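Starting from 1, each residue takes its place in the sequence as its number. Everything quoted here is computed from the prediction, not taken from an experiment. Note that ligands are numbered from 1 as they come in the structure, with each ligand's atoms numbered from 1 the same way. FYI, side chains are in, hydrogens and waters are out, and symmetry mates aren't considered; it's all heavy atoms of this structure.
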Amino acid sequence: MVEIQCTQCKAFIARYKGSGELDLLLLEKVIKPIFLKELGSSEKTNLPLLICHECGNKLGNPTINAKGQFAYKMIKGSFRKKGVIKAMTPSPHTSWR
Ligand SMILES: [Zn+2]
C-alpha cells in the first residue's frame with residue numbers, strides 16, 4: 001500500500017492498493033479519498049484531470065487501460081509516493097522512495 005503526496009505542497013492525494021512504479025493509477029485500486037475511488041465506478045467517460053486540491057498542481061491525465069478500467073496516467077515528478085506500514089506505527093525511519 002502506498003500514499004501519494006503532492007511534491008509541491010505535500011498535500012495528501014490518495015492511498016493506493018499497490019506498489020511499484022505507479023505510472024498508471026487505477027481508480028479501482030484507490031482506497032482514499034472516496035470521491036476518487038467512486039470516479040472509477042462511475043459511468044462518466046470524461047474524467048477530470050487529477051490535480052492537487054491544495055495548490056492546483058497537475059498530477060495525472062485521465063485514461064482508460066486495455067481492460068477498459070479508468071485510470072490516471074501519472075505525471076512524473078508531480079507526486080511522491082510513500083510506503084504505508086501495515087501496523088500504522090509512525091516510524092522516524094520512514095523515507096521517501
Ligand atoms: Zn499541492
Side-chain angles (χ1 to χ4, degrees):
M1 209 188 291
V2 293
E3 271 188 14
I4 301 164
Q5 273 188 333
C6 172
T7 326
Q8 210 159 281
C9 70
K10 309 251 191 323
F12 169 82
I13 304 299
R15 183 169 283 195
Y16 188 66
K17 216 191 295 173
S19 55
E21 270 314 300
L22 253 189
D23 286 337
L24 215 58
L25 183 84
L26 265 181
L27 288 182
E28 69 163 32
K29 287 193 176 179
V30 171
I31 298 159
K32 274 189 208 175
I34 297 299
F35 84 86
L36 197 58
K37 187 183 175 66
E38 284 178 347
L39 275 180
S41 52
S42 75
E43 297 293 312
K44 274 194 211 163
T45 48
N46 53 338
L47 295 177
L49 284 175
L50 184 63
I51 57 164
C52 172
H53 53 89
E54 291 291 335
C55 71
N57 187 22
K58 195 172 152 192
L59 301 164
N61 293 303
T63 186
I64 294 171
N65 76 358
K67 292 179 188 165
Q69 297 166 311
F70 290 119
Y72 280 105
K73 179 117 184 73
M74 299 303 285
I75 298 162
K76 277 211 170 87
S78 68
F79 68 96
R80 287 182 135 173
K81 62 188 165 82
K82 180 184 176 184
V84 178
I85 300 150
K86 275 180 190 160
M88 301 300 282
T89 40
S91 161
H93 303 298
T94 305
S95 60
W96 294 107
R97 274 190 289 169

inquiry  = When you measure from the side chain of Asn57 to the backbone of Ser78, do you find a donor-acceptor pair of N or O atoms at a distance under 3.5 Å?
reply    = yes
query = Is His53 close enough that one of its N/O/S atoms sits under 2.8 Å from the Zn ion (ligand 1)?
reply = no
ask   = To the nearest 10 degrees, how large is the angle at the Zn ion (ligand 1) between Cys55 SG and Cys9 SG?
value = 110°
note = The angle formed at the Zn ion (ligand 1) by SG of Cys52 and SG of Cys6 is about (to 10 degrees) 110°
message = Just so I know, are the side chains of Leu59 and Ile51 near enough to count as touching, which here means a heavy-atom distance under 4.5 Å?
response = no
ask   = Is there a donor-acceptor contact under 3.5 Å from the side chain of Thr63 to the main chain of Ala71?
value = no
query = Can any side-chain N or O of Tyr16 pair as donor or acceptor with the backbone N or O of Leu26 at less than 3.5 Å?
reply = yes
